[in-house]
2 protein chains.
Amino acid sequence: MYQKKIPELLDCGLAVAIKVIGGKWKAWIIDCIRRGVSRPSAIHREMQAVNPRIINLHLKELEEVGIIYKEIFAEVPARVEYRLTPVGESLLPVIDVMEQWGNAHKDYINRNHADYASGNCQFLQEAN
Amino acid sequence: MYQKKIPELLDCGLAVAIKVIGGKWKAWIIDCIRRGVSRPSAIHREMQAVNPRIINLHLKELEEVGIIYKEIFAEVPARVEYRLTPVGESLLPVIDVMEQWGNAHKDYINRNHADYASGNCQFLQEAN
DNA sequence: CAGGACAGGGAAAAATTTATCCCTGTCCTG
DNA sequence: CAGGACAGGGATAAATTTTTCCCTGTCCTG
């Protein structure tokens with residue numbers, strides 16, 4: 001993995017949470033595993049749009065920090081399944097809260113962002 | 001601002017939440033404003049380690065999506081204060097949840113991350 | 001054997017975010 | 001006037017993340 005040149009803020013809870021969940025596709029991957037889509041190839045199929053390589057990288061990072069772990073079955077051919085660790089499970093409510101907030105306000109956010117250039121201020125308009 | 005070449009996922013609540021709060025210093029900036037540190041120069045002082053230019057960029061992005069808004073006092077010299085919009089206020093509990101989760105698990109996360117190279121698996125060790 | 005599913009990763013490019021440097025103004029105080 | 005606080009941003013570089021391309025294996029089925 002890329003060796004960071006600028007140290008991270010590892011003592012701030014918020015920074016840690018964002019580090020864990022902030023990757024572009026991490027939350028989706030966690031959601032897959034939560035729903036039982038646990039094999040690498042299955043996750044790849046579930047997320048057609050995302051390059052398998054990327055998913056593997058994110059899986060590895062999630063594994064590194066102990067959010068998921070890998071179970072390797074000594075079958076032939078070898079089967080791999082990812083599962084949430086207890087700490088990974090504890091993250092689910094956090095994801096839910098974020099998801100709910102985002103769903104509740106995404107229209108507002110997107111509208112503002114889109115209208116910003118045109119000089120509108122949705123916030124003020126909503127205040128009426 | 002940089003013009004994105006790859007479209008974002010604006011219909012997913014999680015993506016929206018991460019977009020809003022995922023910036024490297026956005027959460028700290030929101031925290032400043034929440035605590036009443038609302039003037040640009042005051043925020044700069046509060047976050048010595050971060051380049052003022054960056055803070056300005058993040059402020060602008062937070063303003064663009066309607067999380068904060070700018071109040072410009074017609075004084076001389078002009079005074080500027082940032083405040084949270086209602087939607088910005090609604091984000092605070094989400095930040096708190098993330099912060100709490102991070103604080104509760106940052107040791108576990110950091111330990112795992114640090115030990116990963118050495119082959120230890122903190123998750124399994126904790127399971128004992 | 002040919003082809004495909006499966007797990008995994010190196011190398012390098014592209015995209016994006018973050019950082020640095022330095023500039024433009026106004027105003028106030030000594 | 002000199003200097004500093006204040007608000008703001010252009011140009012550019014550096015750091016980081018994401019993407020693409022392509023390769024290594026094993027095994028199973030037709």
Side-chain angles (χ1 to χ4, degrees), chain A residues 1-9 15 18-29 32-33 37-65 68-82 113, chain B residues 1-9 15 18-29 32-33 37-65 68-83 113 116:
Chain A
M1 199 168 67
Y2 187 87
Q3 184 58 40
K4 287 201 197 314
K5 296 181 181 176
I6 296 179
E8 304 173 273
L9 281 64
I18 290 175
K19 172 197 180 72
V20 167
I21 213 182
K24 188 159 180 181
W25 309 109
K26 291 223 182 91
W28 282 266
I29 292 174
C32 279
I33 296 174
V37 181
S38 52
R39 301 187 59 178
S41 53
I43 299 175
H44 295 165
R45 266 192 303 272
E46 190 88 355
M47 303 173 67
Q48 294 281 345
V50 185
N51 190 291
R53 183 82 170 85
I54 304 299
I55 296 177
N56 289 343
L57 286 179
H58 282 182
L59 282 169
K60 176 170 237 169
E61 289 174 24
L62 289 170
E63 191 191 1
E64 274 187 20
V65 295
I68 62 178
Y69 67 99
K70 194 196 290 194
E71 198 160 350
I72 304 177
F73 295 85
E75 303 176 356
V76 164
R79 182 159 57 100
V80 171
E81 292 196 8
Y82 286 100
H113 197 188
Chain B
M1 197 169 68
Y2 187 87
Q3 185 57 42
K4 287 202 197 311
K5 296 183 180 173
I6 296 178
E8 303 172 274
L9 280 65
I18 290 176
K19 171 197 180 73
V20 167
I21 215 184
K24 188 161 179 179
W25 309 109
K26 291 224 182 90
W28 282 266
I29 293 175
C32 279
I33 297 174
V37 181
S38 52
R39 300 186 59 180
S41 55
I43 299 175
H44 296 166
R45 267 192 303 273
E46 190 90 355
M47 303 173 67
Q48 294 280 346
V50 185
N51 190 291
R53 183 84 170 81
I54 303 297
I55 297 177
N56 288 344
L57 286 179
H58 281 182
L59 282 169
K60 178 171 237 169
E61 288 174 24
L62 288 170
E63 191 191 359
E64 274 188 20
V65 296
I68 63 179
Y69 67 99
K70 193 193 293 190
E71 199 161 348
I72 304 177
F73 294 86
E75 302 176 358
V76 163
R79 182 160 57 99
V80 170
E81 292 195 8
Y82 285 100
R83 305 197 191 292
H113 197 187
Y116 192 81

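Please read all numbers here as calculations on a predicted model, not as lab measurements. Only heavy atoms go into these numbers, but all of them, side chains included; no hydrogens, no water, no symmetry mates. Sequence lines set the chain letters: A, B, ... in the order given, protein chains first and strands last, and positions in each chain run from 1.
Taking atom CG of residue B:L57 and atom P of nucleotide C:dA19, one finds them 10 Å apart after rounding to whole Å. In this structure, A:I18 places its CD1 atom 16 Å from C1' of D:dT16, rounding to the nearest Å. Distance, B:L59 CG to D:dG8 C1': 11 Å, rounded to whole Å. The interatomic distance linking B:K24 (NZ) with C:dT16 (P) rounds to 19 Å, in whole Å. We find that CD1 of A:I54 is positioned 12 Å from C1' of C:dG9, with the value rounded to whole Å. One interatomic measurement links the two molecules: CD of B:E71 to P of D:dC6, which rounds to 18 Å at whole-angstrom precision.
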Side-chain donor-acceptor distances from residues 45-53 of chain B under 3.5 Å, at least two apart:
unit_1, atom_1, unit_2, atom_2, d
B:E46, OE2, B:R35, NH2, 2.3
B:Q48, NE2, B:R45, O, 3.2
B:N51, OD1, B:R53, N, 2.8

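Applying the 4.0 Å criterion to OP1 and OP2 of C:dT17, one finds that B:H58 has every side-chain N and O outside that range. Between A:W25 and D:dT17, a side-chain N or O to OP1/OP2 separation shorter than 4.0 Å is absent.
Across A:V80 and A:P40, no two heavy atoms sit closer than the pair O-CD, 3.4 Å. Residues B:K26 and B:I21 come closest through the heavy atom pair CB-O, 4.2 Å.
In terms of the side chain to side chain donor-acceptor pair (under 3.5 Å) criterion, B:H58 has no residue partners (sequence neighbours excluded).
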I'd like a list of close polar pairs between nucleotides 23-28 of chain D and the protein, N/O only, cut-off under 3.5 Å.
none

Sort me out a list of protein N/O and nucleotides 9-15 of chain D N/O pairs below 3.5 Å, or just none if empty.
unit_1, atom_1, unit_2, atom_2, d
D:dG10, N7, B:R53, NE, 3.4
D:dG10, N7, B:R53, NH2, 2.8
D:dG10, O6, B:R53, NE, 2.4
D:dA15, OP2, A:K5, NZ, 3.3

Could you write out DNA chain C as a dot-bracket string, with dots for unpaired bases, | for bases paired across to another strand, and Watson-Crick or G-U pairs counted at under 3.5 Å?
||||||||||||||||||||||||||||||

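With contacts defined as side-chain heavy-atom distances shorter than 4.5 Å, the pair A:K24/B:I6 qualifies. Put simply, the side chain of B:L62 does not reach to within 4.5 Å of the side chain of B:I33, judged on heavy atoms.
Nearest-nucleotide positions on DNA chain D place B:R39 closer to the 5' end than the other of A:G23 and B:R39.
Closest approach to the B:N51 side chain among D:dG8, C:dT20, C:dG8 is made by C:dT20 (side chain taken as heavy atoms from C-beta onward). In this structure, of C:dA7, D:dT19, C:dA19, it is C:dA19 that holds the atom nearest to the side chain of B:V50.
Taking every heavy atom of residues 40-49 of chain B and every atom of DNA chain C, no pair lies under 4.0 Å.
With A:W25 as the fixed residue, the side-chain contact (heavy atoms from CB on, under 4.5 Å) test singles out one of A:L57, A:I54, A:L59, A:I55: A:I54.
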